[in-house]
Protein chains: 2
Amino acid sequence: MHVPVSADQGHDPVITILHSADRPKHLDGPNVRFVTDETLTAALPGTEILLVWDFMSTAVRDAFPAADSLRWVHTASAGVDRLTFPALLDSDVVLTNSRGVFDTPIAEYVTGLVIAMAKDLAGTLDAQAKGEWRHRESERVGGRTAVVVGSGPIGRATAAMLAAVGMRVELVGRRAGEGVHPIDELPGLLPRAEWLVLAAPLTDTTRGMLNATTLGLLPPRARVINVGRGALVVQDDLVAALRDGTVAGAALDVFEKEPLPADSPLWGLPGVIVSPHMSGDILGWRDELETLFVDNLTRYRAGEPLANVVDKTLGFVTGSAR
Amino acid sequence: MHVPVSADQGHDPVITILHSADRPKHLDGPNVRFVTDETLTAALPGTEILLVWDFMSTAVRDAFPAADSLRWVHTASAGVDRLTFPALLDSDVVLTNSRGVFDTPIAEYVTGLVIAMAKDLAGTLDAQAKGEWRHRESERVGGRTAVVVGSGPIGRATAAMLAAVGMRVELVGRRAGEGVHPIDELPGLLPRAEWLVLAAPLTDTTRGMLNATTLGLLPPRARVINVGRGALVVQDDLVAALRDGTVAGAALDVFEKEPLPADSPLWGLPGVIVSPHMSGDILGWRDELETLFVDNLTRYRAGEPLANVVDKTLGFVTGSAR
């Protein structure tokens with residue numbers, strides 16, 4: 001697939017692609033600029049469309065004042081928290097995300113983590129490494145209660161899959177909806193959350209939502225899984241809860257700072273699984289992300305409404321926004 | 001719960017319980033004999049009911065000639081392969097198993113293994129142990145094909161759960177049935193088996209069913225999961241297939257010899273997960289097994305048909321046998 005990015009019509013927008021080691025394979029054209037964190041500011045003047053391919057980058061905020069022609073920013077991620085800074089929010093620039101690419105992979109990942117932790121797969125692998133036949137009894141998954149926070153496509157897909165393997169699932173979103181508890185009911189649900197899954201966007205409302213207070217509401221032996229954003233959790237509070245046994249375990253795919261610093265106690269805490277922000281990244285995901293952008297670009301150039309437009313007040317794509 | 005095992009009616013059958021370190025907690029009475037492998041033969045004369053609580057024991061075969069009053073043998077396992085020796089098969093002794101206790105736990109276990117292997121959880125834990133942030137892309141589970149061999153309750157529960165997480169599942173049994181391929185169709189299914197799950201009883205038909213020939217029919221990068229019996233697989237052939245890359249990985253919970261001998265190459269082969277025959281053993285399983293026996297004992301003493309009667313010709317409980 002080769003996608004020449006140039007207009008047949010008179011207008012040929014300049015597209016700047018912010019990348020790091022990896023870059024899109026099929027996007028090319030005279031008006032396409034490939035840049036990194038260091039060269040972003042110089043490339044922004046004249047740029048009409050910014051593709052944030054390196055969605056871990058925080059460079060857009062600093063470079064933003066140099067944007068004099070920017071109309072559309074697209075990010076190759078579901079979360080947009082690195083892009084919801086005041087200058088962009090206050091501007092007319094349209095922000096779109098990659099909603100839809102990560103749903104099922106993350107649902108699978110979370111389901112696998114729940115079962116692996118219930119069956120103590122880590123203990124099995126540890127015994128195997130030592131050549132030890134160490135029979136243990138393990139936990140059921142069926143009938144246990146999971147509270148899933150985040151009622152977007154990722155949270156919904158995750159809740160559905162956990163229910164499919166027999167769990168009782170309570171889904172929590174910003175607002176009440178069919179099958180969705182509003183976020184203010186969360187404190188009442190936490191005492192039943194044998195498994196707490198965070199799959200919410202990072203917004204002013206959700207930042208630090210799992211802290212000493214809310215951790216204290218969990219039942220004994222609860223486990224926490226975070227596939228949303230690291231800052232949903234007050235990391236020091238979680239570490240304390242793991243150390244004092246308030247929480248039995250955690251599987252964390254996202255962190256306040258990524259990569260997780262080498263001196264973080266999370267690396268070595270018993271009952272904790274640290275994974276490198278990979279829950280949604282299945283083989284072929286970059287092609288899917290690229291296709292999603294190209295589809296939206298086609299709409300842009302045809303003057304059609306864009307898909308996956310982020311509500312900049314809320315910080316995520318609402319409802320069934322296409 | 002205390003279950004006094006003595007008859008209110010005139011007849012008070014002698015019950016012998018073959019156990020090892022663990023023994024039933026609630027069974028007791030004047031006519032109950034607790035024995036181990038070493039004392040089984042001495043206890044068999046006069047025994048009417050034998051509860052094989054230590055289902056890993058192979059002592060029954062050797063002690064069997066001492067059984068002069070035996071009418072019923074119950075095993076605290078789903079598989080009965082250690083009890084289907086000629087002298088018992090040719091006798092009038094009724095054999096029952098613990099069908100039903102292990103279904104959902106094993107289905108969960110297999111589903112967890114599939115997702116954990118697809119997402120390379122072992123690689124994540126290995127990186128974590130080294131403090132390394134090692135992002136990788138992983139595999140989808142949805143849409144992949146799993147062939148599940150074994151159409152009893154364990155195989156069916158497993159197939160249903162794998163389908164529930166989005167896999168295409170082909171279920172293979174002894175005979176064709178609704179949604180079940182007969183075993184002679186297996187060679188035609190293997191080339192599509194990205195995941196091959198063995199959950200069949202060990203019989204003359206199934207012994208060694210996965211061997212160099214059948215392994216050779218699997219597609220590249222296939223993975224094998226065995227939660228049935230070790231001897232379903234020609235272990236040396238599997239080791240060879242893993243070494244030469246014919247098979248990408250295996251998760252084995254059962255082995256030709258258990259515990260798996262320390263010098264087995266399986267312990268250290270890349271892509272292999274060795275677990276200690278624990279897939280069905282959830283917390284509380286021993287209570288469930290005990291309840292199941294006590295329920296059957298109640299039927300026995302009331303002169304009612306027993307539940308879970310093994311067809312001694314086939315080597316397992318057939319159809320919807322209660």
Side-chain angles (χ1 to χ4, degrees), chain A residues 104-105 107-122 124-143 161 163-166 251 253 255 258-264 266-268 272-279 281-286, chain B residues 104-105 107-122 124-143 161 163-166 251 253 255 258-264 266-268 272-279 281-286:
Chain A
T104 308
E108 293 176 349
Y109 196 88
V110 171
T111 304
L113 283 174
V114 167
I115 306 181
M117 294 175 90
K119 309 299 179 185
D120 189 25
L121 183 57
T124 295
L125 294 172
D126 180 62
Q128 179 182 351
K130 296 169 179 160
E132 289 173 10
W133 183 270
R134 206 159 72 201
H135 182 271
R136 293 102 61 214
E137 295 175 354
S138 62
E139 296 169 30
R140 268 186 199 282
V141 172
M161 200 172 286
V165 299
D253 191 52
F255 303 88
E258 297 177 8
L260 183 65
D263 62 355
S264 170
L266 287 170
W267 286 108
V272 174
I273 296 176
V274 168
S275 57
H277 202 148
M278 64 181 280
S279 68
D281 304 348
I282 45 113
L283 292 160
W285 68 301
R286 291 176 200 273
Chain B
T104 307
E108 292 175 350
Y109 196 89
V110 171
T111 304
L113 283 175
V114 167
I115 305 181
M117 293 174 90
K119 309 297 180 185
D120 190 25
L121 183 57
T124 295
L125 294 171
D126 179 63
Q128 180 181 352
K130 296 170 179 159
E132 290 172 9
W133 183 270
R134 206 159 70 203
H135 182 271
R136 294 101 61 214
E137 296 176 354
S138 62
E139 297 170 28
R140 267 186 200 281
V141 172
M161 199 172 287
V165 299
D253 192 51
F255 303 89
E258 295 177 11
L260 182 65
D263 62 356
S264 169
L266 288 170
W267 286 108
V272 174
I273 296 175
V274 168
S275 59
H277 201 147
M278 64 181 281
S279 68
D281 304 348
I282 44 115
L283 292 158
W285 68 300
R286 292 175 199 275

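A quick note: this is a predicted structure, and the numbers were derived from the prediction, not measured. Residue numbers begin at 1 in each chain, while the letters A, B, ... track the order of the sequences.
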Would you mind telling me which of [options] has the largest number of heavy-atom pairs within less than 4.5 Å of chain B?
{"options": "A116(A), A262(A), P105(A)", "value": "P105(A)"}
{"options": "L260(A), L113(A), V114(A)", "value": "L260(A)"}
{"options": "L125(A), L266(A), V141(A)", "value": "V141(A)"}
{"options": "Q128(A), R140(A), R134(A), E139(A)", "value": "Q128(A)"}

Side chain, backbone, both or neither: which part of I273(B) has a non-hydrogen atom closer than 4.5 Å to chain A?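 Its backbone and side chain both get close to chain A.
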Tell me, side chain or backbone of R136(B) under 4.5 Å from chain A's heavy atoms, or both, or neither?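 It is both, since atoms from each part get that close.
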Looking at T124(B) and V274(A), what are the two nearest heavy atoms and their distance?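 Of all heavy-atom pairs spanning T124(B) and V274(A), the closest is CG2-O, 3.3 Å.
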Would H277(B) and W133(A) satisfy side chain to side chain contact (heavy atoms under 4.5 Å, CB included), going step by step from the backbone distance to the final call? CA-CA 9 Å; H277(B) 201 147; W133(A) 183 270; 4.1 Å; yes
Are the side chain of E108(A) and the backbone N or O of G142(B) linked by a donor-acceptor pair below 3.5 Å?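 It does hold such a pair.
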With only heavy atoms counted, which part of [X] is less than 4.5 Å from chain B, the side chain, the backbone, both or neither?
{"X": "L283(A)", "value": "both"}
{"X": "T104(A)", "value": "side chain"}
{"X": "W267(A)", "value": "both"}

For S138(B), what residues pass the side chain to side chain contact (heavy atoms under 4.5 Å, CB included) criterion, not counting sequence neighbours?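 For S138(B) the side chain to side chain contact (heavy atoms under 4.5 Å, CB included) partners, ignoring immediate neighbours, are M278(A), I282(A), K119(B).
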Using the test side chain to side chain contact (heavy atoms under 4.5 Å, CB included), find all partners of A164(A) that sit at least two apart in sequence or belong to another chain.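 Side chain to side chain contact (heavy atoms under 4.5 Å, CB included) list for A164(A), sorted by chain: A164(B).
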Side chains of Y109(A) and S275(A): closer than 4.5 Å at any heavy-atom pair?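 When only atoms from C-beta onward are counted, S275(A) and Y109(A) do touch, with a gap below 4.5 Å.
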